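Values below: every heavy atom of this structure, side chains too, minus hydrogens, waters and symmetry copies. Everything quoted here is computed from the prediction, not taken from an experiment.
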Number of protein chains: 2
Amino acid sequence: MRDTRAELLARAEILVRGRGYSGFSYGDLAEAVSIRKASIHHHFRTKTDLALALVAAYDARYDAALAAILATKGDAASRIEAYGQLYLTGVEDGLGCLCAVLAIEMDTLPDVLRADIARFFDKHIAWLERVLAGGCADGSLRPGLDPAATARLVVATLEGALLLERLLAGSAGFRSTLMVLCDSLRPPRIG
Amino acid sequence: MRDTRAELLARAEILVRGRGYSGFSYGDLAEAVSIRKASIHHHFRTKTDLALALVAAYDARYDAALAAILATKGDAASRIEAYGQLYLTGVEDGLGCLCAVLAIEMDTLPDVLRADIARFFDKHIAWLERVLAGGCADGSLRPGLDPAATARLVVATLEGALLLERLLAGSAGFRSTLMVLCDSLRPPRIG
DNA sequence: AAAAATCTACCTACTAGATGGTAGCCATAA
DNA sequence: TTATGGCTACCATCTAGTAGGTAGATTTTT
């Protein structure tokens, strides 16, 4: 037996990340999953409920990925690079970041949803801040660097690069930006 | 007598930048400008026509701003910073970049529109590339820096910071990111 | 173990309102 | 007199969401 709820979440995420939140409808989703529009309401009472579930699932996946990076990568420099790689699949699949897509439509978003998205980004910034501070201490990153400000810069650059390179140059463009970003964090080479 | 067309463009831009392209309707716009929905079609036959005009106007304003920067700022470092400042009003007014907003909904956008948006970003990247190359030559920027890759990085960072800080920390957050970005482009300080 | 009650996951059919867009009319200004 | 820029009144389609029903599985009661 199939897990309709999971299928709905998976397909809805793809639709939202490709067309925006108001650009996607229960009608589209119903067709994609081959059930009737009304049946979606059985799993997600309102569109907002669905969006909240979407963000929760997305957030959980990132939580797992961030933990995995800490477990497998030893130094800060490679942790940041691994973090950047997380965005790469989005570029390759032509899908924007779910939370960026939602953030764009801020003015029309229900407050709960907006709060969840803000929390998503805050979490990433806090994680990066810790990693960056560690890198300053162990010498794998430029010593003078401001962890708090640089964390924001990293998220901004990657979100922007995903948005931009999905439209323009694809994964090659994204990879190039990620390289330049990582270089700018390393200690200056002498000579 | 009032210039309805200009009013329509101005209000539509605000609406789109705040709520996304599919999140905005002729109905909203009609109410904002206090004319009937059908009358908008007299000025912009279809929603796509309106979007194209919106992008054209936005693009023209940036053209003027970029030219003004070249005319008033002498060195590359301050040109880049001035370019970054252009995004600041967006953060302050709580409005995303028009072309970023449209790019988010890529999958549903008419081809002409998508092409115009791509051209908008390509133009910025090309402008930055020239400025960055100049800065390497005149010594106001880090000598080793790759102008082409760094131009993409700059646009990505600013677009991302606008998206992020509109949601999170407002203009303070944006300013901090802009500072860190500019610092990373300058020649490394010795000592 | 059989029968009864409840729950799950879907369905058809519907609603009220919004959506982009059209047709055709009317006042005003060049 | 003719374009301009509005208007009312539509239209078909799509929107999220509701009402109510059904077949089948599960659980509870007898």
Look for any protein N or O under 3.5 Å of an N or O in nucleotides 23-27 of chain C and output each such pair with its distance, or none.
none

**OP:** Would you check, one step at a time, whether the test side chain to side chain contact (heavy atoms under 4.5 Å, CB included) holds for B:Asp59 with B:Asp116?
**Re:** CA-CA 9 Å; B:Asp59 187 51; B:Asp116 276 12; over 6 Å; no

Original post:
So, does A:Lys123 use its side chain to make a donor-acceptor pair with the main chain of A:Asp63 at under 3.5 Å?
Top reply: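 It does not hold such a pair.
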
Check whether any side-chain heavy atom of [X] sits under 4.5 Å from a side-chain heavy atom of [Y], and report yes or no.
X: B:Cys136; Y: B:Arg142; value: no
X: B:Leu181; Y: A:Thr157; value: no
X: A:Leu50; Y: A:Tyr26; value: yes

Residues [X], [Y]: salt bridge by 4.0 Å N-O rule:
X: B:Arg11; Y: B:Asp28; value: no
X: B:Arg114; Y: B:Asp111; value: yes
X: B:Arg186; Y: B:Asp183; value: yes
X: A:Asp93; Y: A:Arg17; value: no

**OP:** Might you confirm whether atom CZ of B:Arg36 has over 12 heavy atoms from other residues, nucleotides or ligands at distances under 6.0 Å?
**Re:**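 Count not over threshold, so no.
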
Original post:
Would the number of heavy atoms belonging to other residues, nucleotides or ligands and lying under 6.0 Å from CD of B:Glu92 be above 12?
Top reply: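 For B:Glu92, atom CD is crowded (more than 12 foreign heavy atoms under 6.0 Å).
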
Grab the [atom1]-[atom2] distance between [X] and [N] for me, whole Å please.
X: A:Leu50; N: D:dG17; atom1: CG; atom2: C1'; answer: 14 Å
X: A:Lys47; N: C:dA18; atom1: NZ; atom2: P; answer: 15 Å
X: A:Arg45; N: D:dA19; atom1: CZ; atom2: P; answer: 11 Å
X: A:Ile40; N: D:dT15; atom1: CD1; atom2: C1'; answer: 12 Å
X: A:Tyr26; N: C:dT15; atom1: OH; atom2: P; answer: 22 Å

Subject >> ILVMFWY network linking A:Val180 to A:Leu168, side-chain heavy atoms under 4.5 angstrom >> reply: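 Shared cluster, yes.
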
Original post:
Which residues, if any, of residues 15-22 of chain B bring a heavy atom under 4.0 Å of DNA chain C?
Top reply: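 Heavy-atom cutoff 4.0 Å gives no residues at all.
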
Original post:
Which ones in residues 98-113 of chain B lie close to DNA chain C, meaning a heavy atom under 4.0 Å from one of its atoms?
Top reply: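 Correct list: empty, so none.
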
Original post:
Reading nucleotides 21-27 of chain D from the 5' end, what letters show protein touch, with B for base, S for backbone sugar-phosphate only, - for no heavy atom under 4.0 Å?
Top reply: -------

Original post:
Partners of A:Arg166 by side-chain hydrogen bond (donor to acceptor under 3.5 Å, both in side chains), sequence neighbours excluded?
Top reply: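 With neighbours one apart ignored, the set is empty.
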
**OP:** Taking only the side-chain nitrogens and oxygens of B:Ser25, find out if one of them lies under 4.0 Å from OP1 or OP2 of C:dA18.
**Re:**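 Answer is no, no contact under 4.0 Å.
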
Subject >> Per B:His41 side chain, nearest of listed nucleotides D:dT15, D:dG17, C:dG21 >> reply: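 It is C:dG21.
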
Show the distances under 3.5 angstrom between N or O atoms of the protein and N or O atoms of nucleotides 7-10 of chain C.
| residue | atom | partner | partner atom | Å |
| --- | --- | --- | --- | --- |
| C:dC10 | OP1 | A:Thr4 | OG1 | 2.5 |
| C:dC10 | OP2 | A:His43 | NE2 | 2.4 |

Subject >> Parallel, tilted or perpendicular: ring planes of A:Tyr83 versus A:His124, cut at 30 and 60 degrees >> reply: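 A:Tyr83 vs A:His124 ring planes: perpendicular.
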
Subject >> Donor on one side chain, acceptor on other, A:Ser171 and A:Glu165, under 3.5 Å >> reply: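 Side chains of A:Ser171 and A:Glu165: no pair found under 3.5 Å.
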
**OP:** Answer yes if the side chains of A:Ser184 and B:Ser184 hold a donor-acceptor pair under 3.5 Å, and no otherwise.
**Re:**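 Checked: A:Ser184/B:Ser184 side chains show no N/O donor-acceptor pair below 3.5 Å.
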
Original post:
Considering only heavy atoms and no angle criterion, is a donor-acceptor pair shorter than 3.5 Å present between the side chain of B:Lys37 and the base of C:dG20?
Top reply: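 Such a pair exists between side chain and base.
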
Original post:
Touch check for A:Phe24, heavy atoms < 4.0 angstrom, all strands: base, sugar-phosphate only, or nothing?
Top reply: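 Sugar-phosphate: the residue A:Phe24, judged by heavy atoms under 4.0 Å, touches backbone atoms but no base.
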
